[in-house]
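To start, the structure itself, in structure tokens.
Note that these values count all heavy atoms, side chains included, but never hydrogens, waters or copies made by symmetry. Everything quoted here is computed from the prediction, not taken from an experiment.
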Amino acid sequence: MSEYRYYEFRAIDRLLSPTDQQELRALSSRADITASSLVNTYNWGDFKGDPDRLMARYFDLFLYLANWGSRRISIRIPKLGLDVPRLKQFIADRDVARIRSEGENVILDVSRDELDTDDEGGEGWLDAIALLRNDLLEGDLRPLYLVWLMSVESEDIADKTVEPLDGLGPLTPQLTAFADFFGIDRDLVEAAAARPALLHPEPSEQEVTATIKALGAKEKDSYLRRLYDGDPLVRADFRRRCRPATSPGKPTQPRRQAGELRRIAADLAEARRKADEERRQAKQRREQQREAKARKVRIDALKRRGESAWTDVEAIVAFRNNNAYDHAAIMLADLRELSLQQGTDDEFHRRLTDLRARHKAKRQLLVRLTANGLN
């Protein structure tokens, strides 16, 4: 199997300068480099750059995919009001994820190996996942819940360990993409998402107005200056500022344990298996009904043709190709059914034995006759 590696880096908060791009070009002569991204695909060899160093210096997002089942996502976020110790509470296995500080930023690294996937390419994955960075900036920790769920799936978390949030729901497209990218068990994700996470509600117009009025002149000037300079974090920073007047609310049920989530996921998997089996059986019944109807039409036609049907079988066999042999075998099976209906099955078997003897050199024909029970 040929090797395939896909690397994609993306700059969001600060575009790459011409000097930055020259430095990155020294790492790869064939990468697609722009002011906001570096993309490279390898079918042999490997990327010379160190993703950790590049994330610390240049980029805010990184995605890696290899066709032998290795996948990785890195997200760089300004610390701002982040509670870094709280973020680390979601990490149960450092082989799955780690959180590290790089100056004024925090970098979340998530990786998984030996996934059973049929990777066709890495394009499009980062676009689907990128909005998770905005979610984290605005205090939505559900992406980290998914990281915790990966350790639940691998049974690196004890049954009695309580989930780190009140729930995972409702699933957003970016959460679903993240779960799909890392191959997290769909039933486990569904079990976790059955309960909603208690997120900060959107502040009302009155609350936003009150927050603005409470800002001092220097703070207002600072926000306006950052807006003028194109600071992409102004929105997330100010939205956090509006939140003290609101709270996520109180949970209506106690948080679930890892063992309970695994049991719910097992029940969901069994229910899905049964539903799939019922659909398969229903489809099989419909196909059998269609085949029975089609066969009746064919047999009625054979009844009207009489002796000429056997002449047609001989003419079809004379084409000496597999399609013709398939057609002949179906016709003979229909003729056998007709003989049973008319009580002439002894005559049918005499003629079939004679046909097999005359065409004994046509091995593919005989194989098809035997497969149809025409011995």
Side-chain angles (χ1 to χ4, degrees), residues 6-25 27-28 31-41 47 49-65 71-84 87 97-111 122-144 146-147 172-182 199-200 222-242:
Y6 179 85
Y7 296 81
E8 183 173 355
F9 296 86
R10 192 169 298 178
I12 298 174
D13 292 347
R14 184 187 70 83
L15 296 180
L16 301 172
S17 68
T19 300
D20 293 334
Q21 295 179 55
Q22 288 178 2
E23 292 171 354
L24 293 169
R25 178 59 66 195
L27 299 175
S28 174
D32 183 7
I33 300 174
T34 70
S36 61
S37 66
L38 183 154
V39 179
N40 211 346
T41 301
F47 182 53
D50 178 1
D52 287 351
R53 187 183 72 82
L54 297 182
M55 283 295 295
R57 182 169 179 179
Y58 301 103
F59 297 104
D60 300 299
L61 291 168
F62 167 56
L63 180 142
Y64 168 76
L65 179 149
R71 296 188 169 192
R72 177 181 174 185
I73 290 285
S74 295
I75 304 175
R76 185 177 71 173
I77 314 167
K79 289 180 181 176
L80 295 174
L82 289 179
D83 183 353
V84 178
L87 301 184
R98 58 192 175 111
I99 293 175
R100 69 182 193 276
S101 295
E102 289 286 353
E104 298 180 351
N105 299 306
V106 170
I107 297 179
L108 167 66
D109 282 311
V110 185
S111 60
E123 296 83 357
W125 276 113
L126 195 55
D127 289 331
I129 293 170
L131 284 177
L132 290 182
R133 183 174 186 269
N134 292 344
D135 295 340
L136 291 168
L137 277 168
E138 296 191 1
D140 183 350
L141 301 183
R142 286 180 296 167
L144 288 162
L146 284 175
V147 173
T172 61
Q174 56 266 32
L175 286 170
T176 300
F178 184 92
D180 290 345
F181 182 76
F182 284 113
L199 304 176
H200 286 281
S222 174
Y223 275 119
L224 289 171
R225 182 68 198 188
R226 290 171 62 190
L227 182 63
Y228 177 82
D229 290 338
D231 185 341
L233 304 176
V234 171
R235 180 177 184 273
D237 193 8
F238 183 68
R239 285 171 63 84
R240 277 194 302 272
R241 188 66 175 269
C242 293

Spacing of [atom1] belonging to [X] relative to [atom2] belonging to [Y], to within rounding of 0.5 Å:
X      : Y      : atom1 : atom2 : value
Asp60  : Ser74  : CG    : OG    : 11.5 Å
Leu136 : Leu87  : CG    : CG    : 7.5 Å
Asp140 : Leu131 : CG    : CG    : 11.5 Å
Ser17  : Tyr58  : OG    : OH    : 8.0 Å
Leu175 : Arg142 : CG    : CZ    : 5.0 Å
Thr41  : Asp32  : OG1   : CG    : 9.5 Å

Sub-3.5 Å donor-acceptor pair from the side chain of Asp229 to the main-chain atoms of Asp231, do we have one?
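Not confirmed, Asp229 side chain does not pair with Asp231 backbone.
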So, does Lys79 use its side chain to make a donor-acceptor pair with the main chain of Gly103 at under 3.5 Å?
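Side chain of Lys79 to backbone of Gly103: a pair is present.
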Of Arg76, Arg98, Met55, the residue whose pairing with Asp109 passes side chain to side chain contact (heavy atoms under 4.5 Å, CB included)
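Among Arg76, Arg98, Met55, the one meeting side chain to side chain contact (heavy atoms under 4.5 Å, CB included) with Asp109 is Arg98.
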Side chains of [X] and [Y]: does their closest heavy-atom pair fall under 4.5 Å?
X      : Y      : value
Trp125 : Arg71  : yes
Leu16  : Leu38  : no
Phe182 : Leu146 : no
Leu15  : Gln21  : no
Leu24  : Phe9   : no
Ser36  : Ile12  : no
Leu108 : Leu144 : yes
Phe178 : Val147 : yes

How close do [X] and [Y] get, heavy atom to heavy atom, and via which atoms?
X      : Y      : value
Ala11  : Ala35  : CB-O, 4.5 Å
Pro78  : Asp13  : CG-OD2, 3.8 Å
Gln174 : Ile129 : CB-O, 4.3 Å
Leu65  : Gly122 : CD1-CA, 4.3 Å
Arg72  : Asp52  : NH2-OD1, 2.6 Å

Using side-chain hydrogen bond (donor to acceptor under 3.5 Å, both in side chains) as the criterion, point out the one residue from Arg14, Arg57, Arg25 that pairs with Asp20.
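The residue from Arg14, Arg57, Arg25 that satisfies side-chain hydrogen bond (donor to acceptor under 3.5 Å, both in side chains) with Asp20 turns out to be Arg14.
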Please state whether the rings of Tyr64 and Tyr7 are parallel, tilted or perpendicular, taking 30° and 60° as the class boundaries.
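Rings of Tyr64 and Tyr7: tilted, 30 to 60°.
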Could you walk me through whether Phe62 and Leu54 satisfy the side chain to side chain contact (heavy atoms under 4.5 Å, CB included) test, starting with their C-alpha distance in whole Å, then the side-chain angles of each, then the deciding distance to 0.1 Å, before giving a yes or no?
CA-CA 9 Å; Phe62 167 56; Leu54 297 182; over 6 Å; no
